[in-house]
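First comes the structure, then the notes that go with it.
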Amino acid sequence: QVHLVESGGGSVQAGGSLRLSCAVSGDTYNSHRITWFRQDPAKEREGVASINRYGIPQYYTDSLKGRFSISRDNTNGKNTVYLQMNSLKPEDAALYYCAAGESVVYIFRPNEYQYWGQGTQVTVSS
């Protein structure tokens, strides 16, 4: 079992920044890939950024490259994945989830992931 807890969401004005955190615990040995997804109620769940247990390489949805950055901290027993979001736009508003999966082939396909957090809400005002 793998447990994921997201934090760091909130309300910002357009152009602002947020850093989301995903704390991963439990049996992480086989959960080598962590991916951030987001979902607006009117849209399908969308892959945002992905990172494996070693931290490289990183993958991003093309439209978010340059504004979003994913990283992970595996030091001192910590297993946390971060999503730094800069130059936020109103269209970035969504519920952001982190997900863990093993043997992932299609990185931004939600059904490839076995474990999900509860999500953290991001609101961006214009």
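Just so it is clear, the values below take in all heavy atoms, side chains as well, and ignore hydrogens, waters and symmetry mates.
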Under the side-chain contact (heavy atoms from CB on, under 4.5 Å) rule, what do Arg67 and Asp92 come out as? Steps first, then yes or no, please.
CA-CA 11 Å; Arg67 293 196 299 121; Asp92 294 319; 2.7 Å; yes
Could you give me the CA-CA distance, side-chain angles and deciding distance for Ile34 and Asn79, then say whether side-chain contact (heavy atoms from CB on, under 4.5 Å) is met?
CA-CA 11 Å; Ile34 304 293; Asn79 195 359; 5.9 Å; no
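Listed for the Thr61 side chain is a donor-acceptor partner under 3.5 Å among the backbone atoms of Gly47. Put simply, the side chain of Glu112 gets close to the backbone of Val105: a donor and an acceptor are under 3.5 Å apart. Using modelled atom types, one side-chain atom of Gln114 and one backbone atom of Glu102 make a donor-acceptor pair closer than 3.5 Å. Side chain of Glu6 to backbone of Cys98: a donor-acceptor contact under 3.5 angstrom is found. For the pair Arg72 (side chain) and Asn52 (backbone), a donor-acceptor distance under 3.5 Å is present.
Taking 4.5 Å as the limit, some side-chain heavy atom of Trp36 sits within range of a side-chain heavy atom of Val81.
Nearest heavy atoms, Leu4 versus Cys22: CD2-SG, 3.6 Å. Taking both residues in full, the closest heavy atoms of Ala23 and Thr80 are given as CA-OG1, 4.3 Å, listed atom of the first, atom of the second, then distance. The two residues Ala100 and Val2 come nearest to each other via the heavy atoms CB-CG1, 4.2 Å. Closest approach of Ser69 to Tyr60, counting heavy atoms only: CA-OH, 3.4 Å.
The OG atom of Ser17 lies 9.5 Å from the CZ atom of Phe68; values are rounded to the nearest 0.5 Å. In this structure, CG in Asn86 is found 11.5 Å from CG in Leu64, a value given to the nearest 0.5 Å. Summarising the geometry, atom CG belonging to Leu83 is positioned 11.0 Å from atom OG1 belonging to Thr35; distances are rounded to the nearest 0.5 Å. Summarising the geometry, atom OH belonging to Tyr106 is positioned 11.0 Å from atom CG belonging to Asn111; distances are rounded to the nearest 0.5 Å.
The hydrophobic cluster containing Phe37, built from Ile/Leu/Val/Met/Phe/Trp/Tyr side-chain heavy atoms closer than 4.5 Å, also comprises Tyr59, Leu95, Tyr97, Val104, Ile107, Phe108, Tyr113, Trp116.
For the side chain to side chain donor-acceptor pair (under 3.5 Å) with Gln39, the lone residue among Glu46, Arg45, Glu44 that qualifies is Arg45.
Within 6.0 Å of the CD atom in Gln58, the count of heavy atoms belonging to other residues, nucleotides or ligands exceeds 12.
The existence of a salt bridge linking Lys65 and Asp62 is confirmed by a sub-4.0 Å separation between a basic side-chain nitrogen and an acidic carboxylate oxygen.
Side-chain contact annotation: Tyr82 with Gln84, donor-acceptor N/O pair under 3.5 Å absent.
Residues passing the side chain to side chain contact (heavy atoms under 4.5 Å, CB included) test with Thr123, sequence neighbours excluded: Ser11, Gln121.
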